[in-house]
Amino acid sequence: MELRDALEADASRLASLTDTPRDVMRNLVHDRTVRIAERDEDIVGFVSYDARDQTIHVTQLEGKESIYEQLLEEPLRFARTEGMAVELLVLETESEIQTVASEMGFEQTGPGPRFEGEPTVRYRVDNL
């Protein structure tokens, strides 16, 4: 598997992975850092994040559990270089992401905001 920066041309495939309109994914590619996981020239997942107030905010993580760690390493690497923290919001029902985040050193810091009516859990890494 290889990781690379997302291109606008990837928006259709990202939209199909997330069941989101193509225009939303095109805007995501323009507005955030988006790293694509690719296997045999097929997009199998991605992570998007942005930086605000000395914190990297992971805004989306998509793919199979087997690639979560590699995808989450992307914002962590950026945060280490810049001396920033990383924050991740996870739906309460996404136990696989919660497990991987905990194994990678993220600490649960409490409830997050509701996302489309669903409760989330806030994870954070401060000392990289």
Side-chain angles (χ1 to χ4, degrees):
M1 184 178 70
E2 296 198 25
L3 297 174
R4 65 171 175 81
D5 288 329
L7 306 170
E8 186 173 324
D10 298 319
S12 292
R13 179 64 179 128
L14 298 179
S16 69
L17 283 173
T18 60
D19 198 27
T20 305
R22 182 187 178 283
D23 288 346
V24 171
M25 289 293 104
R26 185 177 53 78
N27 290 338
L28 181 79
V29 169
H30 287 284
D31 296 341
R32 303 239 179 347
T33 299
V34 181
R35 296 285 291 163
I36 299 279
E38 206 170 46
R39 184 175 290 128
D40 299 323
E41 297 184 26
D42 185 34
I43 296 173
V44 295
F46 70 94
V47 62
S48 63
Y49 55 95
D50 62 356
R52 291 186 319 266
D53 304 321
Q54 293 299 307
T55 302
I56 304 298
H57 297 271
V58 177
T59 57
Q60 208 157 354
L61 178 65
E62 297 291 336
K64 295 191 183 293
E65 182 179 358
S66 61
I67 64 172
Y68 289 157
E69 185 173 341
Q70 290 170 289
L71 289 170
L72 283 173
E73 185 55 39
E74 293 295 303
L76 288 169
R77 182 177 14 262
F78 183 86
R80 276 191 294 274
T81 301
E82 300 298 322
M84 300 174 82
V86 179
E87 189 169 280
L88 169 68
L89 296 175
V90 182
L91 292 174
E92 281 186 357
T93 57
E94 293 179 321
S95 60
E96 298 89 3
I97 295 175
Q98 292 180 41
T99 298
V100 171
S102 293
E103 289 171 353
M104 293 182 72
F106 284 84
E107 294 182 16
Q108 186 175 341
T109 60
R114 294 182 84 73
F115 181 72
E116 295 182 355
E118 297 290 324
T120 63
V121 179
R122 186 179 312 268
Y123 286 86
R124 188 172 174 93
V125 175
D126 283 305
N127 299 318
L128 297 169

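Since the model is a prediction, treat every value here as computed from it, not as a measurement. We number each residue from 1, following the sequence as shown.
- Contact annotation: the side chain of I36 approaches that of L14 to within less than 4.5 Å [non-hydrogen atoms, C-beta and beyond].
- With hydrogens and angles ignored, the 3.5 Å screen pairs no side-chain donor or acceptor of T55 with any backbone N or O of A85.
- The number of heavy-atom neighbours closer than 6.0 Å to CG of D40, taken from other residues, nucleotides and ligands shown, is 12 or below.
- With contacts defined as side-chain heavy-atom distances shorter than 4.5 Å, the pair L3/L71 qualifies.
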key: CA sep, side-chain torsions, deciding dist, call: E87, R52, side-chain contact (heavy atoms from CB on, under 4.5 Å)   = CA-CA 11 Å; E87 189 169 280; R52 291 186 319 266; over 6 Å; no
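- Between V86 and A79, the shortest heavy-atom distance links the atoms CG2-CB, 3.4 Å.
- Of all the heavy atoms in A101 and L88, the pair that sits closest is CB-CD2, 3.8 Å.
- When every heavy atom of F46 is checked against every heavy atom of L28, the shortest pair comes out as CE1-CD2, 3.8 Å.
- Contact between A37 and M1 at its shortest, heavy atoms only, is CB-SD, 3.6 Å.
- Looking only at distances, a side-chain donor or acceptor of D10 sits under 3.5 Å from a matching main-chain atom of L7.
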task = Give the C-alpha distance, both sets of side-chain angles, the deciding distance and a yes or no for side-chain contact (heavy atoms from CB on, under 4.5 Å) between R4 and I43.
result = CA-CA 10 Å; R4 65 171 175 81; I43 296 173; 4.0 Å; yes
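- By the 4.5 Å heavy-atom criterion applied to side chains, I56 and F78 are counted as neighbours.
- Heavy-atom minimum distance, P113 versus R122: CD-NH2, 3.5 Å.
- Each side-chain hydrogen bond (donor to acceptor under 3.5 Å, both in side chains) pair with one or both residues in residues 94-121, not counting sequence neighbours, appears once here: Q98-Y123.
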query = Does the side-chain contact (heavy atoms from CB on, under 4.5 Å) test come out yes or no for F106 and I97, once each step is laid out?
reply = CA-CA 11 Å; F106 284 84; I97 295 175; over 6 Å; no
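- For the pair T59 and Y49, the tightest heavy-atom approach, listed with the atom from each and the gap, is OG1-N, 3.8 Å.
- The salt bridge (charged side-chain N to carboxylate O under 4.0 Å, His left out) contacts involving residues 56-78 comprise R35-E74, E73-R80, E74-R77, where partners must be two or more places apart or lie in separate chains.
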